[in-house]
Amino acid sequence: MPVSAAVRARCRALLPPGEDISYVLPALSVSSPGTAAFIIVVTDRSILVMSTKFFDRDMPSSVYATHARRTRLGPVEFSSGAAIEFGGMVFEIDEEYAAVVRAADAEVFAPETLPADPLPDL
């Protein structure tokens, strides 16, 4: 299920000044600090792991960790579902977000593989 505009707005409120959201994906930590819901936000300058409220996975409450934009999110591992190891943590993600991880990585590490913008004048 796509991340709603309301969730994106809540994430945007926690961003450092001047940063814009490029990608957002919900993730479930299955390693230390234990099972917990997070939202991973990729901006033009950084990758932020945002904590969510305990009973509301759609409500980011704080920035848990910040990483340089040149940090890889992938590869996506598929064993008992989709997962990424990022920032010393293992996150389960819905399979539909594997494309988001690949696109975010390609944007920095292999921009020539990205398709051309179909509507460049918008």
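The structure displayed is predicted, hence computed values, not measured ones.
With sequence neighbours left out, the side-chain contact (heavy atoms from CB on, under 4.5 Å) criterion links E77 to P75. Residues that satisfy the salt bridge (charged side-chain N to carboxylate O under 4.0 Å, His left out) test with E107, not counting sequence neighbours, are R69.
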Carefully, step by step, assess T35 and S29 under the rule side chain to side chain contact (heavy atoms under 4.5 Å, CB included). CA-CA 5 Å; T35 303; S29 168; over 6 Å; no

For a side chain to side chain contact (heavy atoms under 4.5 Å, CB included) check, start with the C-alpha distance between S46 and E19, then their side-chain angles and the critical distance, and finish with the verdict. CA-CA 8 Å; S46 59; E19 291 196 34; 2.7 Å; yes

Walk me through it: do L15 and V41 pass the test side chain to side chain contact (heavy atoms under 4.5 Å, CB included)? CA-CA 9 Å; L15 293 179; V41 178; 4.1 Å; yes

One pair to check against side chain to side chain contact (heavy atoms under 4.5 Å, CB included): T43 and Y23. What are the steps and the verdict? CA-CA 7 Å; T43 75; Y23 304 96; over 6 Å; no

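Cation-pi check for R72 over F109 is met; the charged atom lies under 6.0 angstrom from the ring centroid and within 45 degrees of its normal.
Proximity of I39 to L25: side-chain heavy atoms (C-beta onward) are nowhere separated by under 4.5 Å. Looking at heavy atoms from C-beta onward, Y64 lies out of side-chain contact with L48 at the 4.5 angstrom threshold.
When each of M50, K53, R10 is paired with S61, the side chain to side chain contact (heavy atoms under 4.5 Å, CB included) condition holds for K53 and for no other.
Side chain of R102 to main chain of V76: no donor-acceptor pair is present (N/O by atom type, distance under 3.5 Å, no hydrogens or angles). Side-chain atoms of D105 come within 3.5 Å of backbone atoms of L73 as a donor-acceptor pair (strictly under, hydrogens ignored). A donor-acceptor contact shorter than 3.5 Å links the side chain of T52 to the backbone of A37.
Between F38 and F91, the two ring planes are perpendicular [angle over 60°; tilted spans 30° to 60°].
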